[in-house]
Amino acid sequence: MKLFSINTLLLLFVLISFSSSGYAEDGYRLWLRYDKLADPAKVAAYRNAVSQIVLDGQSETIQAAREELTLGLKGLLGTDVSFVNQATKEGTLIVGTPSTSKLIASLNLKNQLATIGNEGFIIQRTKVGTTQNIVIAANTDVGVLYGVFHFLRLIQTQQDISSVNSVNTPKINHRILNHWDNLNRTVERGYAGASLWDWHKLPDYTSPRYKDYARANASVGINGTVLTNVNANALILTPQYLEKVAALANIFRPYGIRVYLTARFSAPVEMGGLKTADPLDPQVIAWWKQKTEEIYTYVPDFGGFLVKANSEGQPGPQNYGRTHADGANMLADAVGPKGGIVMWRAFVYDNKVPDDRAKQAYTEFKPLDGTFRKNVLVQVKNGAVDFQPREPFHPLFGAMPRTPMMMEFQITQEYLGFATHMVFLASLFKETLYADTYAKGKGSEVAKVIDGSLDKHELTGIAGVANIGDERNWCGHPFGQANWYAFGRLAWDHTLSESQIADEWLRMTFSNDNRFLKPVKEMMLASRETLVNYMTPLGLHHIMGYNHHYGPGPWVNQASRPDWNSVYYHKADSIGVGFDRTTKGSDAVSQYFPPVRDMFNSTQTCPEKFLLWFHHVPWDYKTQSGRILWDELCYRYYSGAKSVQQMQQTWNTLQPMIDAERFVHVKDLLKVQEKEARWWRDACVLYFQSFSKRPIPSDLEKPPYPLEHYVKIKHLFVPGI
């Protein structure tokens, strides 16, 4: 047999290794793929609309915008678009700010620019001299960068730009990712590999991924990153690590991203040799001021601190008989002179087990309204328990009108199947954001609380617990990227619909082919409800495996705290199931404003999706479908598992339209999801059947094993703990 020559083998390697665009389709490029558009007519139209570029300015941020335009237009249009000094012909793209571009300053944009603040941008087709051109204008360089990313998005998603006229500004000021990353590179509740931050090699080696991380965040308007876990390690505040933090901040700065750190409240004792961390102690106050000054010498635009205190064993001001406001204000005074903020988390529960875990944050924080410094945001989880697949909105939203409230969503799927389940979370985010608090009457949505419009707050914020790791595709599951994207888009503009966000992400990440878009978008938009059905239907919650939170565990009853047990939350017995939070039960409903309280307080008006969250309901209670509760519960579990099978079938039909690498990856993960959906279904139905004593409806297949089989399943070394 004739052997291949070395040159032939090298040629074969090149052909196999690279797609026509020169990239492997492993998901690394996220939604910034910039592959040439498939429609020749659209390519021709875009080339005519952008024949050359005028981009003035010399800052690092303007250079980033220049690089992005070069990369994006070259990829999408298949040709280089030259940068010139003058708008000499039709179809010039004019980019900049009035202070850096005489051409921008000469245009009649003053009134529009006055409305968009420091981060907004304008994209419009306008006449310059005798020619029609497109202008991307902003008040600042970072606004220009955001405008460039938006313009490239319009082309990626094949939008008509012939009469483009967009005035775009963020609704929330601080749009931040919270990384629960530890200094040893483990990631708490992380399912996409090790931490992105390679602390050992920093500051001398900075991975190219750090710049791509910054690009991805800037492309959706995320402007802050908390590098370290809320279960904080004081070492991050030492010079050894601050120089590493500074190296990351230097990379992120041109992309408009400020760095924040978590502050361990006991750091003055652990690092400073003090005998106390009492926030009212003069020595403690002085220590934090000095430490903050030191941080700013390393990172001049340091954003401030995120703090978890007096929760899950973390030290805090209550250790010294002080309030959360005392602790937050001490740190706020330290960072305030430099323009820094403090994000003080409201996820708290102390050593005393409350009558209802869902009530504790409200009970502790509501009395403190108006006592926090002006540069403090109280960061509140979307629901009152803990990032469940579905929760009613947290009652603190609307309840503290004199305190800026910051939303905390969880992008990483701690309770939603980890990175092996396809679950598009935009619907979860939107469901919370557009829940009506009735704080100032009808129309007082949660979104208006956090964007400051309801109570006239200028300081606003939203945080997402990141799902990012060092896996090649960043998020583990290819569709996990959509949740990072969705968080950023909604943080910028919470009025965007789930459908629009899914459509954008699919077009940018996979294809503009409607034969692909329609079925996959439908699958994405239904995926969260599918998961709720096979995990926690009808308001069930917190019934997962103990500690690692992997898989079903409704039987968990031996944890060291009652409120760490599943049985604490579902309270199943021979009569029925569900947690009575009505005025006759724990009275958690009374933490909501009266119209919401009254709605949740009655089974007749409580939305069925929250039924078992607020009510202990008899097994023979008649649900909206006409079935008794037991039968409805069974059908919900079974329909969830069946829906995953339908997701598999849909995906398999799309093979001809998707690159082989990502097709197989998603196909295999859907196999895992389908297997685990059946596991959840069978385990939960059998467990609750042990209380209901009723048969599984005859038209549903019976679980293959008895309940004992599922109870005995043990998992070791589960990621994320």
- Item | salt bridge (charged side-chain N to carboxylate O under 4.0 Å, His left out), paired with R29, selected from D659, D212, D35 | D35
- Item | R662, R33, R472 screened by salt bridge (charged side-chain N to carboxylate O under 4.0 Å, His left out) with D26, the one that passes |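 The option that passes is R472.
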How close do [X] and [Y] get, counting heavy atoms only, and between which atoms?
{"X": "A87", "Y": "L103", "value": "CB-CD2, 4.1 Å"}
{"X": "L152", "Y": "Y34", "value": "CD1-OH, 3.4 Å"}
{"X": "L196", "Y": "D181", "value": "N-OD2, 3.8 Å"}
{"X": "P98", "Y": "A138", "value": "CD-O, 3.3 Å"}
{"X": "I462", "Y": "A491", "value": "CG2-CB, 3.5 Å"}
{"X": "R175", "Y": "G221", "value": "NE-O, 2.5 Å"}

Return the orientation label for the [X] and [Y] ring planes: parallel under 30°, perpendicular over 60°, tilted otherwise.
{"X": "Y146", "Y": "W492", "value": "perpendicular"}
{"X": "Y260", "Y": "H174", "value": "perpendicular"}
{"X": "W197", "Y": "Y210", "value": "tilted"}
{"X": "W199", "Y": "Y241", "value": "perpendicular"}
{"X": "Y485", "Y": "W31", "value": "perpendicular"}

Tell me whether [X] is salt-bridged to [Y], with the criterion being a basic N under 4.0 Å from an acidic carboxylate O.
{"X": "R215", "Y": "E68", "result": "yes"}
{"X": "K127", "Y": "E90", "result": "no"}
{"X": "R258", "Y": "D301", "result": "no"}
{"X": "D503", "Y": "R507", "result": "yes"}
{"X": "D455", "Y": "R402", "result": "no"}

- Item | Test side-chain contact (heavy atoms from CB on, under 4.5 Å) applied to E119 and T169, T140, N223, the passing residue |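 Of T169, T140, N223, side-chain contact (heavy atoms from CB on, under 4.5 Å) with E119 is met by N223 alone.
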- Query: Quick one: which of T460, L377, I450, V449 gives a side-chain contact (heavy atoms from CB on, under 4.5 Å) with M407?
  - Reply: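 With M407 as partner, side-chain contact (heavy atoms from CB on, under 4.5 Å) holds for just one option, I450.
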Atom [atom1] of [X]: over 12 foreign heavy atoms under 6.0 Å:
{"X": "Q86", "atom1": "CD", "answer": "no"}
{"X": "E243", "atom1": "CD", "answer": "yes"}
{"X": "N165", "atom1": "CG", "answer": "yes"}
{"X": "R125", "atom1": "CZ", "answer": "yes"}
{"X": "K440", "atom1": "NZ", "answer": "yes"}

Flag, side chain of [X] to backbone of [Y], donor-acceptor distance under 3.5 Å:
{"X": "R489", "Y": "F487", "result": "no"}
{"X": "N473", "Y": "G476", "result": "yes"}
{"X": "K244", "Y": "I236", "result": "no"}
{"X": "N467", "Y": "C475", "result": "no"}
{"X": "W474", "Y": "Y28", "result": "yes"}
{"X": "R153", "Y": "S219", "result": "yes"}
{"X": "S511", "Y": "D513", "result": "yes"}

- Message: A side-chain contact here means heavy atoms from C-beta on lying under 4.5 Å apart; do F479 and L506 qualify?
- Response: yes
- Item | Check: T61/D141 side-chain N/O donor and acceptor closer than 3.5 Å | no
- side chain to side chain donor-acceptor pair (under 3.5 Å) between Q290 and E294, worked out: CA-CA 6 Å; Q290 183 179 1; E294 182 183 22; over 6 Å; no
- Item | CD on Q158 to NZ on K42, rounded to 0.5 Å |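 Separation between the atoms: 5.5 Å.
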- Query: Say you draw a straight line from OG1 of T228 to CG of N178; how long is it, rounded to the nearest 0.5 Å?
  - Reply: 9.5 Å
Between [X] and [Y], ring centroids under 6.0 Å:
{"X": "F252", "Y": "Y213", "answer": "yes"}
{"X": "W484", "Y": "W505", "answer": "no"}
{"X": "Y434", "Y": "H494", "answer": "yes"}

- Query: Which is it for S99 and T97 under the side chain to side chain donor-acceptor pair (under 3.5 Å) test, yes or no, and what are the steps along the way?
  - Reply: CA-CA 5 Å; S99 62; T97 70; 3.1 Å; yes
